[in-house]
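Note on naming: letters A, B, ... go to the chains in the order of the sequence lines (proteins, then strands), and numbering restarts at 1 for each one.
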2 protein chains.
Amino acid sequence: MGTTKKAVSIWDVAKHAGVSHQTVSRVVNGSPRVAATTREKVLAAIEELDYRPNRLARTLAGGAAQSVTVLTADTSLYGAEASLRGIEKAARAAGWSVSISVLDPEETHSDKDIMARLPRAGEPVIIIAHDEPGMRAEKVLTAVQPQAMIAIGRYAYGQTEDPPLLLGLDDGEAGAEATRYLLGLGHETVHHLAIPTSLGNAEGGRAHRADGWARALREAGRPVPEMIPTGWTIAEAFESVQPLVRDRSVTAILCGNDDLALATLRAAHLAGRRVPGDLSIVGFDNAPFAEYTTPALTTVNQDFENVGMSAFELLRHRLDPSIPKPDPAWGLPELVIRETSGPPD
Amino acid sequence: MGTTKKAVSIWDVAKHAGVSHQTVSRVVNGSPRVAATTREKVLAAIEELDYRPNRLARTLAGGAAQSVTVLTADTSLYGAEASLRGIEKAARAAGWSVSISVLDPEETHSDKDIMARLPRAGEPVIIIAHDEPGMRAEKVLTAVQPQAMIAIGRYAYGQTEDPPLLLGLDDGEAGAEATRYLLGLGHETVHHLAIPTSLGNAEGGRAHRADGWARALREAGRPVPEMIPTGWTIAEAFESVQPLVRDRSVTAILCGNDDLALATLRAAHLAGRRVPGDLSIVGFDNAPFAEYTTPALTTVNQDFENVGMSAFELLRHRLDPSIPKPDPAWGLPELVIRETSGPPD
DNA sequence: CATCGTCTTGTGACCGATAACATCATGGAA
DNA sequence: TTCCATGATGTTATCGGTCACAAGACGATG
């Protein structure tokens, strides 16, 4: 019946192969100090018994870490989901396991809340969260285990070294580029529908999408309209953007991500404004659906998956410096011009 | 500097409180057989030292499991992502940790590949994958640890008991309902753009979306057009659906999910067919963006998040029968009529 | 031929918890 | 008063590994 057979351990293999458990451990971990013939015997035994090492025991005993915990924003956000996907992919390739824990944007997490998410003290962590709870987690973990933590943030690779170690895309410049593009099209100014991230003041010189937007506007000598803050959901954005969409003097809106852009597109349509004739809309992130909306969304492509993969590799390097430090592998943010942007009529 | 202090263990607490480590263990696990005064002392020590139990050690020592591994399809699919979100939410509430491992649809996984994803023998698993690799994983794990596994599939709750334990939404009936709705609108027949899942033959009486579609058509005495198979990505769907969209005799298309529906909507637009005047399109899943496309997508709402939460609760129950068996908590699939469907002109 | 370093393998402690069993009071029943 | 069930706590083994160190075999060196 449902009798789960007892798992085979390193001792079983040792007995079967006629060696000590330590020798089995050496073979499993690829130690060079094992005679070829012995190795053969052990490998045969492993094969025969279908032995599979227990990662918990391995980690507990002080072996090298083989798991990461990812503290992330709600995975229904494209950016978080894609970064997580990259981390998982790299981790799986390396034979590591990845745990996830979602940081609730509504909740204020105490230090304890955050630490309680880790399965053990010293567990390696990657934080994917650009908003309040993420920054809080970053702060807490930096204090406790700076060497076993990476945060995916807004800094370009290598810009900051050592705790807190951030890694990410240059949102600021991308925001500026998109804004310049719209101005170049002939728009008087550009309005901004902002994701929650951008609400906090940029700490420690971090460059936000919204910062880049404001900077580009100032550099062009244009007025900087009041930024419209909104939430993470499409529904919230749809509500927030109503005044903007109804104001006929508004001809261009830069949105904090593609979900917001979709909401704006919909709101514009319902308000009877033609896109891009009456109103240009530019998104951020280049989510998979962006290419298939009607009209197709102009947006800024972000290479989240590669950032995620690099975050994992970088963490590994920090945990074990004998593993080479990865080169930054992701592409720069890039404006993808499609159909929602054009010169004002 | 980055000196990670040694973690405080149960022994440290014991020493600090002047009791044995076992007593500390009792307090931590809420055993009733501890004098109130002792409990106080121990709790104080825990607080003071900021002790946090090591889950790895706990599991290794044979304590109750506190982690699940989720084997899932690519999380960029809405259904998988939402189910995962539900699992994580329920798990977090229960103080468990969640590991994820993605099953690559391209790859044929051997039994070993699948087992290698588990951190230890007997690790509780939830499988979210309705396609080939998922079914394979289900088969492998059912053979090894039927009691510590739940698969999220297409069966209604309670329909099958015991290994393999499936749990899910009644896709078949939902597919039939959507089809009947379209026929009721006056369409001669309904075409189907199918997700990969539906390609395999329905094993063991599982009801697919595509099955329900075909059934409804037959019951209405209509011809069942050839099903158009496609991949999981919007881009693939966009290509696959071209012939259908160009065929002016086609007036209604039921799509396997909302991504495919979006691709179809776009393709129809580019082919110069008005939606819903010339062509009705119905999706599946009610992804967040579905309400905000133009025209807004008619689709079948699926309560993935609650299915995920229930899967977790059910797994817990199976692992420890003293935990009550959860009631099925999710809503039935429900047709959401929006703007992409209507009578043929 | 004795000594020593190297290669190979084994032994025992330990990681941080739980489980099973032993021990010691304490208080009510006989 | 004696006995014993019961409650509170301690002791030891164990989970499945790794680590540090010891020990045996062997060829090279002086």
Side-chain angles (χ1 to χ4, degrees), chain A residues 4-42 45-46 49-67 95 97 118-123 320, chain B residues 4-43 45-46 49-67 95 97 118-123 319-320:
Chain A
T4 306
K5 328 174 196 69
K6 192 156 170 0
V8 351
S9 79
I10 202 170
W11 289 92
D12 302 320
V13 176
K15 200 172 305 168
H16 197 83
V19 299
S20 75
H21 71 283
Q22 183 58 258
T23 299
V24 176
S25 174
R26 292 196 181 96
V27 171
V28 169
N29 293 295
S31 158
R33 342 193 114 289
V34 179
T37 57
T38 309
R39 182 188 311 279
E40 292 299 305
K41 269 193 306 183
V42 173
I46 287 177
L49 299 182
D50 193 26
Y51 165 73
R52 227 178 316 275
N54 180 324
R55 266 182 227 156
L56 305 193
R58 188 177 274 181
T59 303
L60 182 61
Q66 292 190 66
S67 63
S97 68
L118 308 188
R120 64 181 176 107
E123 168 85 355
D320 176 0
Chain B
T4 306
K5 329 174 195 72
K6 192 157 167 1
V8 349
S9 80
I10 202 171
W11 288 93
D12 302 321
V13 177
K15 201 172 304 168
H16 197 85
V19 299
S20 76
H21 72 284
Q22 184 58 254
T23 298
V24 176
S25 174
R26 292 198 182 94
V27 171
V28 169
N29 293 294
S31 158
R33 343 191 114 290
V34 179
T37 57
T38 309
R39 183 187 310 280
E40 292 298 306
K41 268 192 306 183
V42 172
L43 288 175
I46 288 178
L49 299 181
D50 193 25
Y51 166 73
R52 227 178 314 275
N54 180 324
R55 267 184 228 157
L56 304 194
R58 186 177 275 181
T59 303
L60 182 61
Q66 292 191 66
S67 63
S97 68
L118 308 187
R120 65 181 177 106
E123 168 85 356
L319 257 23
D320 176 0

Looking at A:Thr23, does any N or O in its side chain come under 4.0 Å of the phosphate oxygens OP1/OP2 on C:dG10?
yes
What nucleic acid atoms does A:Thr38 come within less than 4.0 Å of, heavy atoms only: base, sugar-phosphate, or nothing?
sugar-phosphate
Base, sugar-phosphate or nothing for B:Ser9? Non-hydrogen atoms, less than 4.0 Å.
sugar-phosphate
Whole Å only: how far is the CZ atom of B:Arg120 from the P atom of C:dC15?
22 Å
A:Ala61 side chain: which of C:dC15, C:dT18, C:dT9 is closest?
C:dC15
Quick one: is B:Ser25 getting a side-chain N or O under 4.0 Å of the C:dT18 phosphate, OP1 or OP2?
yes
On the side chain of B:Arg26, is there an atom forming a donor-acceptor pair with the base of D:dG10 - under 3.5 Å, no angle test?
yes
Between A:Thr37 and B:Leu60, which has a closest nucleotide on DNA chain C that is more 5'?
A:Thr37
Specify the separation, in whole Å, of atom CZ of A:Arg33 and atom P of D:dA20.
14 Å
Can you measure A:Leu56 atom CG to D:dT18 atom P for me and round it to whole angstrom units?
13 Å
Using atom CD of B:Gln22 as one end and atom P of C:dA19 as the other, report the distance to the nearest whole Å.
8 Å
Any heavy-atom pair between the side chains of B:Leu43 and B:Val27 that's under 4.5 Å?
yes
How close or far is atom P of D:dG16 from atom NZ of A:Lys15, stated in whole angstroms?
12 Å
Spell out yes or no: do the side chain of B:His21 and the base of D:dT11 have one donor N/O and one acceptor N/O closer than 3.5 Å?
no
Pick the closest DNA chain D nucleotide for B:Gly62 and for B:Val19 by heavy atoms, then say which residue is nearer the 5' end.
B:Val19
Separation of B:Asn54 atom CG from D:dG17 atom P, in whole Å?
16 Å
Answer with base, sugar-phosphate or nothing: what part of the nucleic acid does B:Val34 contact at a heavy-atom distance below 4.0 Å?
sugar-phosphate
For the CZ atom of B:Arg26 and the OG1 atom of B:Thr38, what is their distance to the nearest 0.5 Å?
10.5 Å
For A:Arg52, report the nucleic acid contact type (base, sugar-phosphate, nothing); a contact means any heavy atom under 4.0 Å.
sugar-phosphate
Is any side-chain heavy atom of B:Ser97 closer than 4.5 Å to one of B:Arg55?
yes
Determine, step by step, whether A:Ile46 and A:Val28 satisfy the side chain to side chain contact (heavy atoms under 4.5 Å, CB included) criterion, reporting the C-alpha distance in whole Å, the side-chain angles of both residues, the deciding distance to 0.1 Å, and the verdict.
CA-CA 9 Å; A:Ile46 287 177; A:Val28 169; 3.9 Å; yes
When you look at NZ of A:Lys41, are more than 12 heavy atoms from neighbouring residues, nucleotides or ligands closer to it than 6.0 Å?
yes
Spacing between A:Asp12 atom CG and D:dC15 atom C1', to the nearest angstrom
12 Å
In whole angstrom, give the distance that lies between atom CH2 of B:Trp11 and atom C1' of D:dT9.
13 Å
Contact class for A:Val28 (heavy atom, under 4.0 Å): base, sugar-phosphate, or nothing?
nothing
Candidate pair B:Asn29 and B:Arg58, rule side chain to side chain contact (heavy atoms under 4.5 Å, CB included), full reasoning
CA-CA 11 Å; B:Asn29 293 294; B:Arg58 186 177 275 181; 4.0 Å; yes
Of all the choices, D:dG10, C:dT8, C:dA17, which nucleotide is nearest to the side chain of B:Ala57 once you look at every atom?
C:dA17
